[in-house]
K.L.:
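The following block contains the structure, expressed as structure tokens.
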Amino acid sequence: MTMRVQVAKLADIDVKSSRKVKVQDTEIAIFRLTDGSVLAVENKCPHKGGQLSEGMVCGGAVHCPLHDWKIDLRSGRAQAPDEGCITTFDLEVDGESGNIYITI
Ligand code: FES
């Protein structure tokens with residue numbers, strides 16, 4: 001079963017930065033990119049579980065703060081030569097209120 005949850009407001013997240021939220025038992029990192037997109041992924045690096053919300057955003061990827069793997073925020077995949085994948089979540093921003101919703 002899926003549900004839609006309001007997790008933050010757009011104004012709470014600076015461009016090139018992120019915010020972490022917990023929905024049920026899952027920690028999710030919400031990133032705001034320079035091109036205006038807002039993306040939600042599991043806040044756990046596929047390598048050794050580093051907190052991606054603490055990483056540096058570069059284009060459409062985040063650099064894990066622990067060992068610098070680059071994780072694509074759209075696909076959830078680690079960039080080669082590293083291998084692994086994290087869960088990505090559907091996210092919607094309400095244009096009027098700025099509320100951010102994710103479907104989990
Ligand atoms: S835990 Fe993320 S690169 Fe090692």
Side-chain angles (χ1 to χ4, degrees):
M1 205 178 80
T2 61
M3 61 178 194
R4 188 171 177 261
V5 196
Q6 197 224 316
V7 286
K9 283 199 172 258
L10 191 58
D12 297 337
I13 311 175
D14 293 331
V15 173
K16 287 188 83 168
S17 123
S18 78
R19 191 179 168 102
K20 59 179 176 187
V21 298
K22 202 162 189 180
V23 179
Q24 290 173 332
D25 281 332
T26 308
E27 193 164 280
I28 297 171
I30 302 168
F31 289 90
R32 188 168 171 189
L33 307 186
T34 39
D35 68 1
S37 16
V38 186
L39 301 164
V41 301
E42 187 185 353
N43 191 22
K44 198 172 169 195
C45 179
H47 180 217
K48 291 193 173 165
Q51 293 224 344
L52 298 175
S53 58
E54 309 290 320
M56 206 177 69
V57 180
C58 190
V62 62
H63 293 230
C64 177
L66 293 191
H67 317 96
D68 204 39
W69 279 26
K70 293 156 197 71
I71 314 295
D72 185 288
L73 292 169
R74 289 193 170 80
S75 66
R77 287 184 187 287
Q79 279 177 19
D82 301 316
E83 278 179 25
C85 195
I86 52 170
T87 309
T88 59
F89 299 93
D90 283 337
L91 179 151
E92 246 177 90
V93 182
D94 182 294
E96 261 171 48
S97 63
N99 286 337
I100 298 175
Y101 299 90
I102 56 167
T103 303
I104 183 163

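The first residue in the sequence is number 1, and the count goes up from there. Order of appearance sets the numbers: ligands from 1, and atoms from 1 within every ligand. Not measured: the values here are computed from a predicted model.
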K.L.:
May I ask you to decide whether K70 forms a salt bridge with D72, counting only side-chain N to carboxylate O separations under 4.0 Å?
P.N.:
no
K.L.:
With heavy atoms of C45 as the reference, note each atom of ligand 1 found under 4.0 Å away.
P.N.:
1 (S), 2 (Fe), 3 (S)
K.L.:
Can you report which non-hydrogen protein atom sits closest to atom 1 (S) of ligand 1, along with the distance?
P.N.:
K48 N, 3.1 Å
K.L.:
Evaluate the side-chain proximity of T88 to L39: yes if any heavy-atom separation is below 4.5 Å, no if none is.
P.N.:
no
K.L.:
What N, O or S atom of H67 is found closest to atom 4 (Fe) of ligand 1?
P.N.:
ND1
K.L.:
Any side-chain heavy atom of V7 sitting closer than 4.5 Å to one from I28?
P.N.:
no
K.L.:
Using a strict 4.0 Å cut-off to heavy atoms of W69, name the atoms of ligand 1 that fall inside it.
P.N.:
3 (S)
K.L.:
Tell me, which N, O or S atom in H47 is closest to atom 4 (Fe) of ligand 1?
P.N.:
ND1
K.L.:
Report, as yes or no, whether the 6.0 Å neighbourhood of atom CD on Q6 holds more than 12 heavy atoms from other residues, nucleotides or ligands.
P.N.:
yes
K.L.:
Under 2.8 Å from atom 2 (Fe) of ligand 1, is there an N/O/S atom belonging to C64?
P.N.:
yes
K.L.:
Using a 4.5 Å cut-off on heavy atoms from C-beta on, say whether the side chain of I30 contacts that of D12.
P.N.:
no
K.L.:
Using the side-chain hydrogen bond (donor to acceptor under 3.5 Å, both in side chains) rule, pick out the option among K20, E27, E54 that qualifies with N43.
P.N.:
E27
K.L.:
By number and element, which atoms of ligand 1 are closer than 4.0 Å to a non-hydrogen atom of G50?
P.N.:
1 (S)
